[in-house]
Amino acid sequence: MSTKTSQPPVAGDTTVDHAADIAAIKQIIGNVETAYNTNDPELMTADFTANAAVVNAVGALMTGRDALLEANRRGLSGFLKDEYVRYEVTDITFLRPDVAFAHKVARATTADGELIDIDHAMIALYVLVKEHGRWWTAARQNTLIPKTE
C-alpha cells in the first residue's frame with residue numbers, strides 16, 4: 001500500500017461552450033417558478049425524467065415522474081395554492097458535457113411579486129442530464145434554510 005497522497009480531481013467540463021446549456025437550464029428552473037406561481041402541475045413536472053427523484057422541503061422522497069406529477073397536483077391545488085416564489089439560480093457546474101448540477105435559492109413573494117422573505121428561505125440542488133440535445137432534471141433536493149434570529 002502506497003503512503004503517497006493524491007489530491008482529488010476538480011470536477012468540471014470545459015471542453016465545450018456551455019452558454020446555450022446554461023440558458024436551457026435556467027429556463028427549466030424558470031419553468032418551475034412559473035408553474036409554482038400559476039398553480040400549473042404539468043409545467044412543474046414537464047422537464048423531469050421518467051425516473052426522476054425529488055426530495056421536497058420537508059424531506060419526503062418522490063420517485064418517478066408520475067408520482068411527482070401527482071404530488072405537484074396535490075400541492076399546487078392545496079397548501080401551495082396561494083403561495084408565490086422568486087427563484088435565483090446561483091450556480092451551474094458541468095460535470096461532463098451532458099451532466100450538470102445547479103443550485104437555486106428561493107424567497108417567498110406576494111402575488112404581485114413583492115418579496116416577503118428578507119433572506120433566502122430555501123435552497124435546491126438540481127441534477128440535470130442532456131439527452132438527444134435537450135436538458136432534463138433527473139433529481140432535485142430541496143432544503144429549507146433556517147431563519148436567522
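Owing to the predicted nature of the structure, the values given are computational and were not obtained by experimental measurement.
To the nearest 0.5 Å, atom CG of residue Leu76 and atom CG of residue Asp82 are 11.0 Å apart. How far CD of Glu114 is from OH of Tyr84: 14.0 Å, rounded to the nearest 0.5 Å. One distance of note links CG of Asn31 with CG of Leu43; it measures 5.0 Å at 0.5 Å rounding.
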Let's go through Met122 and Ile145 carefully: what are the C-alpha distance in whole Å and the side-chain angles of both, what is the deciding distance for side-chain contact (heavy atoms from CB on, under 4.5 Å) to 0.1 Å, and is it a yes or a no?
CA-CA 5 Å; Met122 188 195 71; Ile145 298 172; 5.5 Å; no
Show the numbers, then the answer: is there a side-chain contact (heavy atoms from CB on, under 4.5 Å) between Asn56 and Arg140?
CA-CA 8 Å; Asn56 69 17; Arg140 186 180 74 211; over 6 Å; no
Run the side-chain contact (heavy atoms from CB on, under 4.5 Å) test on Asp91 and Phe101 for me, step by step, so that the C-alpha distance in whole Å, both residues' side-chain angles and the decisive distance to 0.1 Å come before the verdict.
CA-CA 8 Å; Asp91 66 83; Phe101 66 83; 4.2 Å; yes
Intermediate values then yes/no, side-chain contact (heavy atoms from CB on, under 4.5 Å), Glu88 and Arg107:
CA-CA 9 Å; Glu88 175 189 349; Arg107 294 165 71 182; 5.8 Å; no
Test log, rule side chain to side chain donor-acceptor pair (under 3.5 Å), inputs Thr110 and Asp112:
CA-CA 5 Å; Thr110 66; Asp112 297 326; 4.8 Å; no
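At distances below 3.5 Å, at least one donor-acceptor pair connects side-chain atoms of Asn37 with backbone N or O atoms of Val85. No donor-acceptor pair closer than 3.5 Å links the side chain of Asn51 to the backbone N or O of Gly64. The backbone N or O of Pro41 lies less than 3.5 Å from no partner atom in the side chain of Arg73, so there is not a single donor-acceptor pair. With hydrogens and angles ignored, the 3.5 Å screen pairs a side-chain donor or acceptor of Arg86 with a backbone N or O of Gly113. Side-chain N or O atoms of Asp13 include none that pairs as donor or acceptor with a backbone N or O of Phe94 at under 3.5 Å.
Hydrophobic clustering (ILVMFWY, side-chain heavy atoms < 4.5 Å, transitive): Val127 and Ile123 are in distinct clusters. Phe79 and Val32 fall within a single hydrophobic cluster, where Ile, Leu, Val, Met, Phe, Trp and Tyr are joined by side-chain heavy atoms under 4.5 Å apart, directly or via other members. By the rule that hydrophobic residues join a cluster once side-chain heavy atoms approach within less than 4.5 Å of another member, Ile22 and Leu128 end up as members of one cluster. Two different hydrophobic clusters hold Val54 and Ile25 under the rule that ILVMFWY side chains link at heavy-atom gaps under 4.5 Å. Note on Leu80 and Ile29: same hydrophobic cluster, where clusters join Ile, Leu, Val, Met, Phe, Trp and Tyr whose side-chain heavy atoms are under 4.5 Å apart, directly or indirectly.
Classification of the Tyr87-Tyr36 ring pair by plane angle, with boundaries at 30° and 60°, yields perpendicular.
A salt bridge is absent between Lys147 and Asp119: the closest approach of a Lys/Arg side-chain nitrogen to an acidic carboxylate oxygen does not fall below 4.0 angstrom.
Under a cut-off of 6.0 angstrom, the local environment of CD1 in Ile118 is sparse, with at most 12 non-hydrogen atoms contributed by other residues, nucleotides or ligands. Counting heavy atoms of neighbouring residues, nucleotides and ligands inside a 6.0 Å radius, atom NZ of Lys26 does not exceed 12 of them.
For the residue pair Thr38/Asp40, the side-chain donor-acceptor check at 3.5 Å is not satisfied. No hydrogens or angles considered: nothing links the side chains of Asp47 and Trp135 as a donor-acceptor pair under 3.5 Å.
Side-chain contact between Thr137 and Ile28: present, with at least one pair of heavy atoms (C-beta onward) separated by less than 4.5 Å. Inter-residue side-chain proximity for Val55 and Asn142 is flagged as unmet; no heavy-atom pair is nearer than 4.5 Å. Between His103 and Val89, the closest side-chain pair of non-hydrogen atoms is not below 4.5 Å.
Residues passing the ring-ring contact (aromatic ring centres under 6.0 Å, His included) test with His120, sequence neighbours excluded: none. Evaluation of the side-chain hydrogen bond (donor to acceptor under 3.5 Å, both in side chains) rule for Glu70 yields no partner, not counting sequence neighbours.
Across all their heavy atoms, Ala46 and Trp136 have their closest contact at O-CZ3, 3.5 Å. Nearest heavy-atom pair across Ala138 and Thr49 is CA-OG1, 3.7 Å.
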